[in-house]
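Take a look at the structure set out below.
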Amino acid sequence: MLRKAKAHDVDEMLLLINRYAGLSEVLPRSRNYVFQNLRDFLVVEKQGRIVGCGSVHVLWEDMAEIRALVIEPQWADDGLSTQATRFLVNEARQLGVKSVYVFSQHPRFFERLGFRVLAKDEVPRRLWAECIDCVKFPDVCDEVAMGLELWVE
Amino acid sequence: MTENYVVRKAVIADALAIFELVNSYAAQGQMLPKSKNQVYQNIRDFVVLVDEDEQLLGCGALHVLWEDLAEVRSLAVREERQGNGLGRLILSALLDDARQLGLPIVFALTYQEEFFVSMGFRVIDKDELPRKIWVDCIDCIKFPHCDETAVIMALD
């Protein structure tokens, strides 16, 4: 089941995000970050347990970024990553976002959902604002920048 | 008033109107200014009160701070529409929002303490607020000489 995150989910979300951050899959997130951006997050529940989460953060009038998207590997074949990504993209669309960006180590996955790999200089400067605080910036960044243009009425 | 209006979640298209309303009061020293960046990055915190032509009459935000704590921010009603209970409608929507998110305590720093008290908040000494909130205060142009009143409410 996919649903918006609530305050009582945060402990489980942090364990999940930071476990995959330890494997360099996503960036580590503090408790403060997750609470202050709680509205950005969805959670995926299976058998009463949180097995995935993800967020989409509005950055400016026309852009948003998918962040902290993780699904436990044993559920990866269930299409949960795809469902979660579509949920986040749809939220962005409803908020009026025109472009959704993601930095990921799984470009093939996002390409299947319509994202396009971007050269790093195609990435709006706005997105670099967060990179500056990343432990991998700038020399060991191993993520691929991707973007998806949304059709907005 | 016979016109129709509705409180709804804000979308990005509301951001500039929110920015202008909040900063018009900020210019009079009645609330804190907000940058466009702050409004965009926290657009999900906002609700807007709009009339049938989608004109902004008021806005307000509820920002999650910690596991049990949220803050009401940037609550404003267009000057010519004040005195009609619109601020109450906005604040009620924000309190519902806090309940939905599972946050039991809501506070605000305000110059309108009577309004908040009439909605069930109580005035407290700023020093009683959790230290956590000062992290955000540090970037305020008034820090550390805050002249706002702290109000707090425990939700059912």
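Letters A, B, ... are given to chains in the order of the sequence lines, protein chains preceding strands, and every chain is numbered from 1. Computed from a prediction, not measured in an experiment: that's the story for all the values here. Side chains are part of it too, since the values below use all heavy atoms of this structure and drop only hydrogens, waters and symmetry mates.
- Contact annotation for A:Leu59: both backbone and side-chain heavy atoms come within less than 4.5 Å of a heavy atom of chain B.
- Using a 4.5 Å cut-off between heavy atoms, B:Asp45 contacts chain A through both its backbone and its side chain.
- In this structure the side chain of B:Asn37 reaches within 4.5 angstrom of the side chain of A:Trp60, judged on heavy atoms.
- Both the backbone and the side chain of A:Asn32 come within contact range of chain B, each with at least one heavy atom under 4.5 Å from a heavy atom of that chain.
- Only the side chain of B:Ile43 comes within less than 4.5 Å of a heavy atom in chain A; its backbone stays farther off.
- In this structure, A:His8 and B:Leu101 have side chains that are not in contact, with every pair of non-hydrogen atoms separated by 4.5 Å or more.
- Within the 4.5 angstrom heavy-atom criterion, no atom of B:Ala70 approaches chain A.
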Does the side chain to side chain contact (heavy atoms under 4.5 Å, CB included) test come out yes or no for A:Val10 and B:Glu67, once each step is laid out? CA-CA 8 Å; A:Val10 171; B:Glu67 59 192 356; over 6 Å; no
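- No more than 12 heavy-atom neighbours from other residues, nucleotides or ligands sit within 6.0 angstrom of CD on B:Glu114.
- Looking at A:Glu91, the atoms closer than 4.5 Å to chain B (heavy atoms on both sides) all sit in the side chain, from C-beta outward.
- Only the side chain of B:Lys9 comes within contact range of chain A, judged by heavy atoms closer than 4.5 Å.
- For A:Ala64, no part lies near chain B; criterion is any non-hydrogen pair under 4.5 Å.
- Only the side chain of A:Arg126 comes within less than 4.5 Å of a heavy atom of chain B; its backbone N, CA, C and O stay farther away.
- Counting heavy atoms from C-beta on, the side chains of A:Glu61 and B:Lys36 never come closer than 4.5 Å.
- There is no path of hydrophobic side-chain contacts, each under 4.5 Å, that joins A:Met1 to A:Ile50.
- Heavy atoms only, all atoms of each residue included: A:Ala7 and B:Gly102 are closest at CB-O, 3.8 Å.
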Pair A:Lys98-B:Ile12, side chain to side chain contact (heavy atoms under 4.5 Å, CB included): steps then yes or no: CA-CA 10 Å; A:Lys98 296 191 185 77; B:Ile12 291 176; over 6 Å; no
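- If you tally non-hydrogen atom pairs under 4.5 Å between each of A:Lys4, A:Gln94, A:Arg31 and chain B, the highest count goes to A:Arg31.
- Open room surrounds CZ on A:Arg86; 12 or fewer heavy atoms of other groups in view lie less than 6.0 Å from it.
- Residues A:Tyr33 and A:Phe137 are members of separate hydrophobic clusters, defined by side-chain heavy-atom contacts under 4.5 angstrom among Ile, Leu, Val, Met, Phe, Trp and Tyr.
- Note that OH of B:Tyr40 and CG of A:Leu95 are 13.0 Å apart. Values are rounded to the nearest 0.5 Å.
- Taking both residues in full, the closest heavy atoms of A:Phe35 and B:Leu65 are given as CB-O, 4.1 Å, listed atom of the first, atom of the second, then distance.
- In this structure, NE2 on B:His63 lies 9.0 Å from CZ on A:Arg39, to the nearest 0.5 angstrom.
- Cluster membership for B:Leu155 and B:Val47, using ILVMFWY side-chain heavy atoms within less than 4.5 angstrom, is shared.
- Contact of the A:Gln36 side chain with the B:Trp66 side chain is not registered, since no non-hydrogen atoms from C-beta on lie closer than 4.5 Å.
- Of the listed residues (B:Asp14, B:Leu69, B:Leu62), the greatest number of heavy-atom pairs within a distance under 4.5 Å of chain A belongs to B:Leu62.
- Contact annotation for A:Asp40: both backbone and side-chain heavy atoms come within less than 4.5 Å of a heavy atom of chain B.
- B:Leu32 and B:Val39 are assigned to two separate hydrophobic clusters, defined by single-linkage of ILVMFWY side chains at heavy-atom distances under 4.5 Å.
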Would you check, one step at a time, whether the test side chain to side chain contact (heavy atoms under 4.5 Å, CB included) holds for A:His57 with B:Arg44? CA-CA 9 Å; A:His57 186 71; B:Arg44 289 170 182 266; over 6 Å; no
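- Under the 4.5 Å side-chain contact rule for hydrophobic residues, A:Leu127 and A:Ile132 do not share a cluster.
- Atom CD of B:Gln100 has 12 or fewer heavy atoms from other residues, nucleotides or ligands within 6.0 Å.
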